Amino acid sequence: MSHLDWSDEPRLTQPVIIAAFEGWNDAGDASSKAVRHLIDVWSAERFAGIDAEEFYDFTSTRPKIRIVEGQQREVDWPTNEFYSAHVGGIDVILLLGDEPQLKWRTFCAQILEVQARTNARLVLTLGALLADVPHTRPSSVYGTAYERSVIDALGLEASSYEGPTGIVGVLHTECRRAGVNSASLWAAVPSYVSSAPSPKAQRALVERVAEILRVQIDLADIDAEEAIYNIQINALVEEDSDTVEYVRHLEEEHDRGDAEPDVDELVEELERFLREQ
């Protein structure tokens, strides 16, 4: 049974689906904000959504009441919405939503229904993890895939993770079962400022998407957020001498690597993050 609500059916040619989910896979709100940025700068238009009723425990992910026009009360339910855009000669579908609590295989089937109906050629998920990285340096991005053709084409690593997973991990498993190419990008967020949104990790994900799609993406809004982020986090760090020393140590480790991410270390950080979550 389909749980999709179609408001339009855009004409797309082998689009790439780019998806992010708020919650477990979204440290520093980096992946969800990255997709939201793409929706905005590409003026993407909504064309479908997944009905929330079957997939959420509403005592965990609670709907919100809002007042419309001063008197009418409306309920905002958890959303998973699909948007379409055409950029640089490429069709793109953007999926932004909340990680569900229930019926994950059925939920993934809704995404694969959109993939089949639009003949999408790749499902690309974005995520973010907490890691021992300094906020003063660019965020590293680690990319994985299952299929050798995707790994070679996009310059990714073969996925070898074992352990607890979120909706992203289940979605990639279902993609593989359905014979759909998929890949996953993860950005590193400083663990010592875990509660703060991370525009640096957001930027890293957007830049990696631009590289994969071979398109230019406007980063002006992220630049502004990053400038404020640097000021605020620097002030926070300077309040504690131990944190200052810790950040200096992370900077030295990063710089000794000539600013190139150590893949093995990122894999270990990703696995640790998923297990601890």
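The first residue of the sequence shown is numbered 1, and numbering continues consecutively from there. Just so it is clear, the values below take in all heavy atoms, side chains as well, and ignore hydrogens, waters and symmetry mates. Quick caveat, the model's predicted, so the values are computed rather than measured.
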If hydrophobic clusters are built from ILVMFWY residues whose side chains come within less than 4.5 Å, do [X] and [Y] share one?
X: Ile212; Y: Ile222; value: yes
X: Leu102; Y: Ile50; value: no
X: Trp104; Y: Phe82; value: yes
X: Leu154; Y: Leu126; value: yes
X: Val141; Y: Tyr229; value: no

State whether the side chain of [X] and the backbone N or O of [Y] hold a donor-acceptor pair below 3.5 Å, judged by distance alone.
X: Thr173; Y: Gly169; value: yes
X: His37; Y: Asp221; value: no
X: Glu99; Y: Gly23; value: no
X: Asp29; Y: Pro197; value: no
X: Asn119; Y: Gln14; value: no

Testing Val35, Val41, Leu38 one by one against Val206 for a side-chain contact (heavy atoms from CB on, under 4.5 Å), which residue passes?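 Checked Val35, Val41, Leu38 against Val206; only one passes side-chain contact (heavy atoms from CB on, under 4.5 Å): Leu38.
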
Go through Val133 and Val189 one step at a time and tell me if the side chain to side chain contact (heavy atoms under 4.5 Å, CB included) criterion holds. CA-CA 7 Å; Val133 295; Val189 173; 6.0 Å; no

For [X], which residues count as a side chain to side chain contact (heavy atoms under 4.5 Å, CB included) partner, sequence neighbours excluded?
X: Arg73; value: Ile65, Ile67
X: Asp242; value: Asp240
X: Ser182; value: Val123, His172, Cys175
X: Ser195; value: none

Would you give the length of the straight line joining atom [atom1] of [X] to atom [atom2] of [Y], rounded to the nearest 0.5 angstrom?
X: Ile167; Y: Gln101; atom1: CD1; atom2: CD; answer: 10.5 Å
X: Glu226; Y: Ser198; atom1: CD; atom2: OG; answer: 8.0 Å
X: Leu124; Y: Leu213; atom1: CG; atom2: CG; answer: 7.5 Å
X: Gln202; Y: Leu219; atom1: CD; atom2: CG; answer: 9.0 Å
X: Glu147; Y: Arg176; atom1: CD; atom2: CZ; answer: 5.5 Å

Nearest heavy atoms of [X] and [Y], plus distance in Å:
X: Thr165; Y: Trp24; value: C-CZ3, 3.3 Å
X: Ala131; Y: Ala188; value: CB-CB, 4.1 Å
X: Thr118; Y: Pro15; value: O-CD, 3.2 Å
X: Thr61; Y: Pro78; value: CG2-CG, 3.6 Å
X: Val244; Y: Glu238; value: CG2-CA, 3.8 Å
X: Leu156; Y: Ala183; value: CD1-CB, 3.5 Å

With the threshold set at 4.0 Å, does a side-chain nitrogen-carboxylate oxygen contact exist between Arg36 and Asp40?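 No, Arg36 and Asp40 are not salt-bridged.
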
Please name all residues satisfying salt bridge (charged side-chain N to carboxylate O under 4.0 Å, His left out) with [X], sequence neighbours left out, ordered by chain then number.
X: Arg177; result: Glu174
X: Glu239; result: none
X: Glu207; result: Arg203

Decide side chain to side chain contact (heavy atoms under 4.5 Å, CB included) for Tyr56 and Trp77; before the verdict, give the C-alpha distance in whole Å, the side-chain angles of both, and the deciding distance to 0.1 Å. CA-CA 10 Å; Tyr56 292 91; Trp77 301 95; over 6 Å; no

Just jot down the side chain to side chain donor-acceptor pair (under 3.5 Å) partners of Ser60, sequence neighbours excluded, or say none.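 So Ser60 forms a side chain to side chain donor-acceptor pair (under 3.5 Å) with Asp57.
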
What pairs with Phe55 under ring pair (Phe, Tyr, Trp, His ring centres under 6.0 Å), at least two apart in sequence or on another chain?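 Residues passing ring pair (Phe, Tyr, Trp, His ring centres under 6.0 Å) with Phe55: His3, Phe107.
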
Between [X] and [Y]: side-chain donor-acceptor atoms closer than 3.5 Å:
X: Thr144; Y: Ser184; result: no
X: Tyr192; Y: Asp132; result: no
X: His249; Y: Glu245; result: no

According to the salt bridge (charged side-chain N to carboxylate O under 4.0 Å, His left out) rule, which pairs have a member within residues 106-127, sequence neighbours left out?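 Salt bridge (charged side-chain N to carboxylate O under 4.0 Å, His left out) check on residues 106-127 returns Glu9-Arg117.
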
Begin with the C-alpha distance, continue with both residues' side-chain angles, and end with the deciding distance and a verdict on side chain to side chain contact (heavy atoms under 4.5 Å, CB included) for Leu250 and His254. CA-CA 6 Å; Leu250 294 178; His254 180 278; over 6 Å; no

Give the intermediate values and the outcome of side chain to side chain contact (heavy atoms under 4.5 Å, CB included) for residues Asp51 and Asp5. CA-CA 7 Å; Asp51 184 6; Asp5 171 29; 6.0 Å; no

Identify each donor-acceptor pair in which a side-chain atom of residues 84-98 lies under 3.5 Å from a protein atom, sequence neighbours left out, and give them as a table.
| from | atom 1 | to | atom 2 | distance (Å) |
| --- | --- | --- | --- | --- |
| His86 | ND1 | Asp91 | OD1 | 2.6 |
| Asp91 | OD2 | Thr13 | N | 2.6 |
| Asp98 | OD2 | Thr79 | N | 3.2 |

Compile the donor-acceptor pairs under 3.5 Å between side chains in residues 42-49 and protein atoms, sequence neighbours left out, one pair per line.
| from | atom 1 | to | atom 2 | distance (Å) |
| --- | --- | --- | --- | --- |
| Arg46 | NE | Glu81 | OE2 | 2.9 |
| Arg46 | NH1 | Ser7 | OG | 3.2 |

